[in-house]
Number of protein chains: 2
Amino acid sequence: MSLAHVLLGLLGRAPASGWDLGSRLTGDPALGWNAELAQIYPALQRLLRGGFVALRRRRSPKGPPRREYRITAAGRREFREWLDEPLEIPKPHAAALARLAFLEKRSPEARLAALKLYRVLLSEELTHTPPGTTAARRRRRMLLETELRWADAEIAASLSGRTLSPEER
Amino acid sequence: MSLAHVLLGLLGRAPASGWDLGSRLTGDPALGWNAELAQIYPALQRLLRGGFVALRRRRSPKGPPRREYRITAAGRREFREWLDEPLEIPKPHAAALARLAFLEKRSPEARLAALKLYRVLLSEELTHTPPGTTAARRRRRMLLETELRWADAEIAASLSGRTLSPEER
DNA sequence: CGGCAGTATATAAATGTTTATATACTACGA
DNA sequence: TCGTAGTATATAAACATTTATATACTGCCG
């Protein structure tokens, strides 16, 4: 169960509320994990019952009282055990990738349009991704830059393919 | 529901059994999707009931009779609609990535060992990844090559950090 | 004052995915 | 002949994730 361990990892950096953890997860794609609040709140309750985190209630300047969690010694132990499990090459699992995998099923025009759109998305993402301060962030940035070069190469290939198409010869 | 659409996409290339589809999914990480057979068989039954695929039973040279599916016109229509949905930048979601994201929490020795292991895994994966014949496969290969360069850079940084550590100064 | 936006927590229902288990057919080697 | 490996299908149970919905508190704008 990785979500609980990722939450422990984040709480190891600083105490946080469920809301904070949700923001950090969705705000940092380099973490390699994401979750809805509806999943985070029950996960924190389980961690609390298990003694892996401790709770402190604090009133919030805005909104209802916050429930801030900090990691316990047992939590750190549990996190380290998870961290020690063997690494693997992650197998991607995303609808957007599956769509890219079937690019060849589209008409040359639609393919080109999709590639150009994807390129725009990539460069936007890159502007929101500051040069990395951690290994995982540096990795993420390098991968985005590579994807950008890939998209450019595919766009070029798509254009030269178009030039060679029957109507244009 | 992406699994059903990915299956339709694969069946659009050639008719196949559930077993075949399972092998193709796990055999081609560039597809960006993976699933267990226990998920594939019910999905095919739903596609069949919906009229998106048609079934032909064939006896197998080895093992029990195969149930081979081919895509129907309705299936192609459904697939194209899914393919036309807007692209996004995929947010990675994998335990291995989450572990990499907490590399800094490990001791310099453990960090270095993890990076070296990951490097080995990457180069193995690359040898099993022939130069791409589709856009998605070319993308996958470029990303693996970039990850390899990232791992080398992090290993180098880790080593120079070690050189500067108190005991060695 | 009323509604909206942002912060904050929470639960139920629906959906998707993995793990465990069972069955069946063939070929091959011990 | 018996076990094992590979091919092939299938279901139940457990687990994970998303979507929908509800509540509450604050400040701001109209």
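Throughout, protein chains are lettered first and strands after them, A, B, ... in sequence-line order, and every chain is numbered starting at 1.
Residue D20(B) contributes atom CG, which lies 17 Å from atom P of dG6(D) at whole-angstrom precision. In this structure, the CZ atom of R57(B) is 14 Å from the C1' atom of dA8(D), given to the nearest Å. Residue L21(A) contributes atom CG, which lies 13 Å from atom C1' of dA8(C) at whole-angstrom precision. If you measure from atom CZ of R59(A) to atom P of dT9(C), you get 15 Å, rounded to the nearest angstrom. Atom pair K91(A):NZ and dT18(C):P shows a separation of 9 Å (rounding to whole Å applied). Look at OH on Y69(A): it is 14 Å from P on dA8(C), rounded to the nearest Å. If you measure from atom NZ of K62(A) to atom P of dG6(C), you get 9 Å, rounded to the nearest angstrom. Between W19(B) atom CH2 and dT7(D) atom P the separation is 6 Å, expressed in whole Å.
For P61(A) and G18(B), each mapped to the nucleotide of DNA chain D holding its nearest heavy atom, the one lying further toward the 5' end belongs to G18(B).
Between the side chains of S17(A) and D20(A), at least one donor-acceptor pair of N or O atoms lies under 3.5 Å.
Candidate nucleotides dT9(C), dT17(C), dT26(C) were compared by shortest atom distance to the side chain of S17(A), and dT9(C) ranks first. Set against dT17(C), dA24(D), dT7(D), the side chain of H93(A) has dT17(C) as its closest nucleotide.
Residue R56(A) qualifies as open at atom CZ: its count of foreign heavy atoms under 6.0 Å is 12 or below. Shown here is R141(A), whose CZ atom has more than 12 heavy atoms of other residues, nucleotides or ligands within 6.0 Å.
Phosphate proximity of dT9(D) to R67(B): absent, as no side-chain N or O sits under 4.0 Å from OP1 or OP2.
Looking only at distances, no side-chain donor or acceptor of E147(B) sits under 3.5 Å from a matching main-chain atom of R139(A). Although no hydrogens or angles enter the test, the distance criterion places no donor-acceptor pair under 3.5 Å between the side chain of K91(B) and the main chain of N34(A). Of the possible donor and acceptor atoms, one in the side chain of T72(A) sits under 3.5 Å from a partner among the backbone N and O of G51(A).
Annotation: cation-pi geometry satisfied between R99(B) and W82(A) (NZ/CZ under 6.0 angstrom from ring centroid, within 45° of ring axis).
The stretch residues 24-47 of chain A touches DNA chain D through W33(A), E36(A), A38(A), Q39(A), each having a heavy atom within less than 4.0 Å of the strand.
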